[in-house]
Amino acid sequence: MIENLKKIINESLLKLDVVKENIVLEIPKDSKNGDYSTNIAMQLAHELNKSPVVIAKEIVENINSLLIEKLEIKGPGFINFYVKKDYLFDNINTILQEQQNYGKTNIGNHQKINIEFVSANPTGTLHVGHGRGAVYGSSLANILSFVGYDVTREYYINDGGNQISNLNKSIKIRYNNLCGSNEELTSNCYHGKEIIDVAKNIYEKYKDKATDEVINEYGLNYLLDAIKKDLSKLRVYFDVWSSEKKMYEKGLVEKTLNKLVNSGYTYDSENALFLKTTLYGDDKDRVLIKSDKSNTYLLPDIAYHFDKYSRGFDLMIDVLGADHYGYINRLKAGIEMMGKKSSNLTIKILQMVRLLKDKEEIKLSKRTGKTVTLNELLDEVGVDATRYFFANKSLDTQLDFDIGLATKKSNENPIYYIEYAHARICSILREYNDKIEIIENYNTINTECAYNLLAKLYEFPNIVSLSAKKYAPHIITNYVYEVANLFHVFYNFEKVLTNDIGKTKERINLVKATNIVIENALSLISIDALERM
RNA sequence: GUCUUUGUAACUCAGUAGGAUAGAGUAAUCGCCUCCUAAGCGGUAAGUCGGCAGUUCGAAUCUGCCCAAGGACACCA
């Protein structure tokens with residue numbers, strides 16, 4: 001519809017000898033201002049040296065289209081379009097035909113896109129903060145895939161660095177305790193309860209005969225499995241699990257280092273090897289190899305991203321916590337030095353989740369083991385509410401998560417409002433219990449609230465595209481809330497199931513179409529709506 | 001100090017690349033079930049869009065400066 005109207009406006013402008021590329025057409029917040037509205041006359045006022053209202057009049061005089069019911073010029077020079085409602089009725093049939101495909105577009109055009117998210121170090125249990133990144137990444141993956149991208153979901157396992165040595169050490173000490181020693185954890189150890197569980201498992205299986213290799217391998221696998229289990233409980237799945245250790249084994253890290261050195265991007269200083277990241281906008285050069293000859297994390301990270309580029313992705317997204325902000329410039333610099341375009345990599349930073357209990361902050365620390373785990377959260381709040389809660393907020397705001405509030409399960413969480421609309425729809429459809437068929441002409445739907453609902457359903461494909469372009473799943477959750485709201489209004493105003501069969505059939509189609517849109521939207525966030533409440 | 005995110009109703013947040021009288025939910029208050037689920041609908045009240053300047057027909061949105069909060073500024077990840 002928008003494209004059609006733009007064409008109509010353009011034709012009208014041609015008669016005024018004006019050519020304008022980017023005509024802005026929007027859906028006014030207030031339906032008193034039409035179905036669609038354009039500010040074109042105001043934009044041309046300066047250029048044509050005429051008052052916007054005069055220009056608007058000239059444009060309107062040249063418009064003659066069957067699509068349009070009525071045109072109005074209002075305010076400082078807005079042209080408001082009232083469109084014939086036929087397209088809304090046609091769209092009901094479109095939705096019924098396309099079903100779970102309604103809303104799909106092909107803006108991705110099969111481009112390969114890689115989304116790396118969560119990637120938590122396997123040194124402990126996932127906590128609430130990881131949940132935010134997990135929900136964001138998985139929802140975004142759903143959305144991008146829905147609009148035609150070829151999406152790969154990837155988790156990078158940091159199983160090669162310092163933290164793993166500390167993990168191994170921690171498990172070993174806990175294990176030794178079980179074997180009778182009085183050793184105590186040192187300050188760089190992990191104090192989480194799950195470390196004790198690992199040690200217990202090892203002890204049960206191997207008694208006091210476990211070698212270091214056994215302990216290390218068992219520990220990593222145990223913790224990774226736990227992470228996978230928690231993620232699957234949150235409905236988060238990955239296509240690729242990359243391992244840092246394997247990258248070393250395949251020689252990718254070494255190759256990367258050689259390339260950086262040979263290209264002259266490094267220099268020795270203070271017994272360490274530095275990378276000239278300032279060449280690409282970083283505020284200081286970064287150490288690649290420390291004076292004790294071990295790597296910093298930057299080197300394998302550059303190697304890892306180079307590997308992703310080599311695997312042929314057109315676009316890449318990393319989802320990282322706010323504490324990684326400083327990392328972006330040096331990583332992108334490294335990528336450029338490896339001969340790749342760093343602009344193909346988008347790094348989405350998610351602001352911190354602050355945990356509160358009764359308005360008091362709980363300080364999180366994996367080291368000391370004081371966390372609220374993702375698993376506990378899911379047990380208390382449920383998957384659907386948790387996913388909605390996280391997905392509903394833009395990434396840029398820091399998020400206060402009050403455990404007390406979340407567990408209340410009250411209607412503070414708007415997911416219940418949406419699920420209620422869905423449950424009402426399901427109830428109607430159960431009761432109707434007859435075939436749903438395409439209707440050529442909708443004759444009896446003519447109320448304001450039905451039009452509003454239909455117009456909202458019509459927006460869905462555009463909303464999905466917008467949310468994909470902006471990498472913003474919360475646009476979907478806001479949208480589906482509005483759909484639910486308009487449905488509740490409709491539901492209160494009009495009865496669907498009546499003795500008038502023709503009327504009932506038309507309304508049933510509208511209700512069914514609403515249901516399809518709600519389910520499609522929720523499925524992009526991986527939320528299952530209840531059929532009964 | 002430098003970089004960065006945020007600041008919108010009492011609270012939690014939207015605000016669709018600059019639009020019309022700034023919107024929802026929660027909390028407050030007043031109505032609405034003989035009827036498909038009242039976890040709903042409608043009404044009222046609640047705002048210096050952190051502050052000041054600028055850009056223009058028009059600013060919560062863009063620019064500059066200031067204030068406040070979070071995060072980052074390691075040979076940690």
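In what follows, chains are A, B, ... by sequence order, proteins preceding strands, each numbered from 1. Hydrogens, waters and symmetry mates are skipped; everything else that's a heavy atom, side chains included, is used.
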Return the orientation label for the A/Tyr267 and A/Phe274 ring planes: parallel under 30°, perpendicular over 60°, tilted otherwise. parallel

Please name all residues satisfying side chain to side chain donor-acceptor pair (under 3.5 Å) with A/Ser294, sequence neighbours left out, ordered by chain then number. A/Asp292

Counting only side-chain N and O atoms of A/Arg286, is one of them less than 4.0 Å from OP1 or OP2 of B/A74? no

Which pair of heavy atoms, one from A/Tyr82 and one from A/Asn33, lies closest together, and at what distance? OH-C, 4.1 Å

Salt-bridge test for A/Glu72 and A/Lys70: reply yes if a basic N is under 4.0 Å from a carboxylate O, no otherwise. yes

In this structure, are over 12 heavy atoms from other groups packed under 6.0 Å from A/Lys435 atom NZ? no

What nitrogen or oxygen pairs link the protein and nucleotides 16-22 of chain B at under 3.5 Å?
from, atom 1, to, atom 2, distance (Å)
B/G19, N7, A/Asn39, ND2, 2.8
B/G19, O6, A/Asn39, ND2, 3.4
B/A20, N6, A/Ser37, OG, 2.5
B/A20, N6, A/Asn80, OD1, 3.0
B/A20, N1, A/Asn80, OD1, 3.2
B/A20, N1, A/Asn80, ND2, 3.2

Ignoring backbone atoms, establish whether A/Tyr417 has a side-chain N or O less than 4.0 Å from OP1 or OP2 of B/C41. yes

With a 4.0 Å cut-off, would you call A/Glu154 and A/Lys308 a salt bridge? no

Consider the side chain of A/Tyr481, meaning its heavy atoms from C-beta on, and name the nucleotide among B/U37, B/C75, B/A24 that approaches it most closely. B/A24

About how many Å separate CG of A/Asp318 and CG of A/Asp301, when rounded to the nearest 0.5 Å? 8.5 Å

Just N and O in the side chain of A/His488: are any of them under 4.0 Å from OP1 or OP2 of B/U37? no

Parallel, tilted or perpendicular: ring planes of A/His127 versus A/His130, cut at 30 and 60 degrees: tilted

Might you list the N or O atoms of the protein lying below 3.5 Å from N or O atoms in nucleotides 30-35 of chain B, with each pair's distance?
from, atom 1, to, atom 2, distance (Å)
B/C35, O2', A/Lys495, NZ, 2.9

Nearest to side-chain heavy atoms of A/Tyr416, which nucleotide of B/A39, B/U37, B/C13: B/A39

Counterpart residues, side chain to side chain donor-acceptor pair (under 3.5 Å), relative to A/Glu448 (two or more places apart): none

Output a table of nitrogen or oxygen pairs between the protein and nucleotides 3-5 of chain B separated by less than 3.5 Å.
from, atom 1, to, atom 2, distance (Å)
B/C3, O2', A/Tyr325, OH, 3.1
B/U4, O4', A/Tyr325, OH, 3.3
B/U5, O2', A/Asp396, O, 2.5

Could you pull out all residues at least two apart from A/Phe493 that satisfy side-chain contact (heavy atoms from CB on, under 4.5 Å)? A/Thr447, A/Cys449

A/Lys503, NZ atom: more than 12 neighbouring heavy atoms under 6.0 Å: no

Between B/G15 and B/A9, how many Å separate the two C1' atoms, rounded to a whole number? 15 Å

